[in-house]
Amino acid sequence: MKTITTLYITIFFTVLGFSQEKFIHDTWDQALLLNVSADGNVNYNGFMRDSSLLYKYFQELSENTPNRSWSRDEKIAYWINAYNAYTVKLIIDSYPVKSIKDLKKPWDKKFFKIDGEWFSLNELEHKILRKFGDPRIHFAINCASISCPVVWNRAYTGKNLQRALDSQTEKFINDPTKNTITPYEVSVSKIFDWYRRDFKVNGGDVISFINRYARIKIANQKEKGYKNYNWNLNEFQTLYDGYVLD
């Protein structure tokens with residue numbers, strides 16, 4: 001009887017282990033909740049204040065790299081979080097700065113290590129994340145700019161990834177500051193031009209992808225084009241004597 005009970009306990013904890021995330025992103029989740037608003041504005045001064053959280057997370061990332069036992073969603077969540085966290089580091093290392101484009105080759109610079117290997121943001125995006133073949137990832141990674149998809153103020157995980165990617169994609173496409181889609185006019189983000197190939201999934205194209213999430217569909221509108229991209233920093237507005245300066 002004791003042997004059978006021990007067997008059941010072993011099986012229980014084995015199953016429990018398989019159902020748990022391979023890596024818990026709680027440190028990054030805490031940093032985001034403290035320093036990113038619900039609408040995606042980033043408090044870079046706050047991240048500087050809480051830099052101990054950031055550097056703790058960087059160490060955790062380096063000590064818990066994805067392996068074959070991780071699910072696809074866990075791997076994607078890991079690399080999205082890494083991209084966004086190191087983008088914050090890139091900005092605060094040179095803060096104050098008005099735009100990420102004021103920095104020298106911000107996406108090509110190899111400025112961080114994961115498990116002893118140097119990386120650039122471009123390498124994370126183009127050599128790892130885009131290889132997963134899910135265009136929704138473009139709306140989860142952030143380039144620290146106003147026209148970019150907003151920063152979600154929670155960490156991505158294997159469990160929340162699919163729901164979060166759909167939510168971020170829908171939010172971006174229907175945000176009139178990012179895309180204008182009316183019965184008469186279509187003016188969309190240049191993301192749909194820069195990464196046009198990525199949106200050609202399952203035999204579709206950019207328009208079919210957008211229409212999957214858009215409240216107003218792209219059809220026969222006469223005016224069509226792309227919005228100008230605003231590279232200004234996606235930070236909180238300056239506070240002065242308790243009032244927000246517009």
Side-chain angles (χ1 to χ4, degrees), residues 23 25 28 40 42 54 57-58 61-62 64-68 70-94 97 99-152 155-158 161-162 164-166 168-169 172-173 178-179 188-206 208-210 213 226-227 229-231 233-234:
F23 171 40
H25 298 270
W28 178 231
V42 180
L54 262 185
Y57 184 60
F58 296 150
L61 284 171
S62 195
N64 296 275
T65 52
N67 58 51
R68 291 183 180 180
W70 289 35
S71 69
R72 181 177 182 274
D73 283 2
E74 286 170 330
K75 293 174 183 175
I76 294 174
Y78 174 97
W79 291 113
I80 289 174
N81 289 332
Y83 186 98
N84 289 339
Y86 279 110
T87 298
V88 169
K89 173 176 167 50
L90 180 71
I91 296 300
I92 66 175
D93 281 352
S94 300
V97 62
S99 169
I100 192 172
K101 296 194 80 174
D102 292 339
L103 306 178
K104 185 178 180 180
K105 296 184 177 179
W107 295 286
D108 292 323
K109 179 181 179 182
K110 292 192 176 190
F111 68 96
F112 59 96
K113 277 185 179 182
I114 297 178
D115 194 24
E117 182 178 353
W118 287 100
F119 284 94
S120 69
L121 292 173
N122 263 346
E123 285 174 322
L124 293 196
E125 180 179 6
H126 302 298
K127 294 185 178 180
I128 298 176
L129 281 165
R130 291 179 70 192
K131 298 290 186 184
F132 285 103
D134 190 333
R136 296 175 300 168
I137 289 171
H138 289 296
F139 310 108
I141 58 175
N142 188 274
C143 63
S145 304
I146 288 174
S147 284
C148 291
V150 298
V151 179
W152 189 33
Y156 292 89
T157 68
L161 182 73
Q162 293 302 318
L165 288 180
D166 272 337
Q168 288 296 100
T169 303
F172 179 82
I173 287 175
K178 317 290 186 186
N179 302 279
V188 298
S189 169
K190 287 185 178 177
I191 289 174
F192 294 109
D193 184 29
W194 297 332
Y195 301 104
R196 178 178 296 272
R197 284 189 310 169
D198 292 7
F199 296 99
K200 295 180 179 180
V201 291
N202 301 322
D205 57 14
V206 172
S208 61
F209 181 87
I210 292 173
Y213 296 93
Y226 294 100
K227 283 185 173 291
Y229 213 81
N230 187 342
W231 289 103
L233 208 61
N234 58 343

Do S120 and K110 have side chains that approach each other closer than 4.5 Å (heavy atoms only, starting at C-beta)? yes
Shortest non-hydrogen contact between V42 and V151, atoms and distance: CG2-CG2, 3.9 Å
With a 6.0 Å cut-off (strictly less than), is the heavy-atom count around NZ of K227, excluding the residue itself, greater than 12? yes
Minimum heavy-atom separation for I100 and P106, please, with both atom names. O-CG, 3.5 Å
Do Y78 and W70 have side chains that get closer than 4.5 Å, going by heavy atoms? yes
Show your reasoning for whether side chain to side chain contact (heavy atoms under 4.5 Å, CB included) applies to F111 and K89. CA-CA 9 Å; F111 68 96; K89 173 176 167 50; 4.2 Å; yes
Find the distance between CZ (R196) and NZ (K190) and round it off to the nearest 0.5 Å. 13.0 Å
Heavy-atom closest pair, residues A77 and G158: CB-N, 4.0 Å
Between the main-chain N or O of C148 and the side-chain N or O of K178, is there a donor-acceptor pair closer than 3.5 Å? yes
Any side-chain heavy atom of E117 sitting closer than 4.5 Å to one from I114? no
Check whether any side-chain heavy atom of P135 sits under 4.5 Å from a side-chain heavy atom of F209, and report yes or no. yes
Strictly under 6.0 Å, is that where the ring centroids of W194 and Y229 end up? yes
Taken to the nearest 0.5 Å, the spacing of Y83 OH from I128 CD1 works out to 12.0 Å
In the structure I gave you, are the side-chain heavy atoms of I146 and L233 within less than 4.5 Å of one another anywhere? no
Whether the Y57 and H25 side chains hold a donor-acceptor pair (N or O, under 3.5 Å, no angle test) is what I'd like checked. yes
Applying side chain to side chain contact (heavy atoms under 4.5 Å, CB included), run through F172 and V150 and close with a yes or a no. CA-CA 8 Å; F172 179 82; V150 298; over 6 Å; no
Would you call the rings of F119 and F112 parallel, tilted or perpendicular, taking 30° and 60° as the class edges? parallel
Quick one: pull up CD1 in I91 and OH in Y86 and give me the separation to the nearest 0.5 Å. 15.5 Å
Ring-ring centroid check W79 F132, cutoff 6.0 Å: no
Would you find a donor on one side and an acceptor on the other, under 3.5 Å apart, between the side chain of S71 and the backbone of E74? yes
For E125 and Y195, what are the C-alpha separation, side-chain angles and deciding distance, and is it a side-chain hydrogen bond (donor to acceptor under 3.5 Å, both in side chains)? CA-CA 12 Å; E125 180 179 6; Y195 301 104; 2.8 Å; yes
Is the cationic atom of K101 (NZ for Lys, CZ for Arg) positioned less than 6.0 Å from the six-membered ring centroid of W231 and within 45 degrees of its normal? yes
Apply the test side-chain hydrogen bond (donor to acceptor under 3.5 Å, both in side chains) to residues D108 and N122: give CA-CA distance (whole Å), side-chain angles for both, the deciding distance (0.1 Å), then the verdict. CA-CA 6 Å; D108 292 323; N122 263 346; 2.7 Å; yes
Verify the distance criterion only: is there a donor paired with an acceptor across the side chains of T87 and N84 at less than 3.5 Å? no
Do L165 and I80 come close enough that some side-chain heavy atom pair is under 4.5 Å? yes
Verify, without hydrogens or angle tests, whether N179 (side chain) and S189 (backbone) share a donor-acceptor contact under 3.5 angstrom. yes
Describe, in one word, how the ring planes of F199 and F192 are oriented to each other, choosing from parallel (under 30°), tilted (30 to 60°) and perpendicular (over 60°). tilted
Measure the shortest side-chain to side-chain distance between F23 and P66 over non-hydrogen atoms and say whether it is less than 4.5 angstrom. no
Which value, rounded to the nearest 0.5 Å, describes the distance between H126 atom NE2 and W107 atom CH2? 9.5 Å
Checking the side chain of Y213 only, and the main-chain atoms of Q168 only, is there a donor and an acceptor separated by less than 3.5 Å? no
Quick check: closest heavy atoms across S62 and G116, and the distance to 0.1 Å? OG-N, 4.2 Å
Go through the steps to decide whether K113 and F58 satisfy the test side chain to side chain contact (heavy atoms under 4.5 Å, CB included), and finish with yes or no. CA-CA 9 Å; K113 277 185 179 182; F58 296 150; over 6 Å; no
Under 4.5 Å between any side-chain heavy atoms of W28 and L61, yes or no? no
Hey, what do you get for CG (N81) to CD1 (I76), rounding to the nearest 0.5 Å? 12.0 Å
Suppose we screen for side chain to side chain donor-acceptor pair (under 3.5 Å). Which residues come up paired with D115, at least two apart in sequence or across chains? none
How long is the span from the CD1 atom in I141 to the CG atom in L124, to the nearest 0.5 Å? 9.0 Å
Determine, stepwise, if the pair S208 / D205 fulfils side-chain hydrogen bond (donor to acceptor under 3.5 Å, both in side chains). CA-CA 5 Å; S208 61; D205 57 14; 3.1 Å; yes
Could you pull out the closest heavy-atom pair between P149 and I191, with the gap in Å? CD-CD1, 3.7 Å
Which is it for D134 and R72 under the side chain to side chain contact (heavy atoms under 4.5 Å, CB included) test, yes or no, and what are the steps along the way? CA-CA 11 Å; D134 190 333; R72 181 177 182 274; 4.2 Å; yes
Quick check: closest heavy atoms across N230 and S145, and the distance to 0.1 Å? O-CB, 3.7 Å
Please say which of R130, K131, R136 ends up in a salt bridge (Lys or Arg N to Asp or Glu O under 4.0 Å) with D198. R130
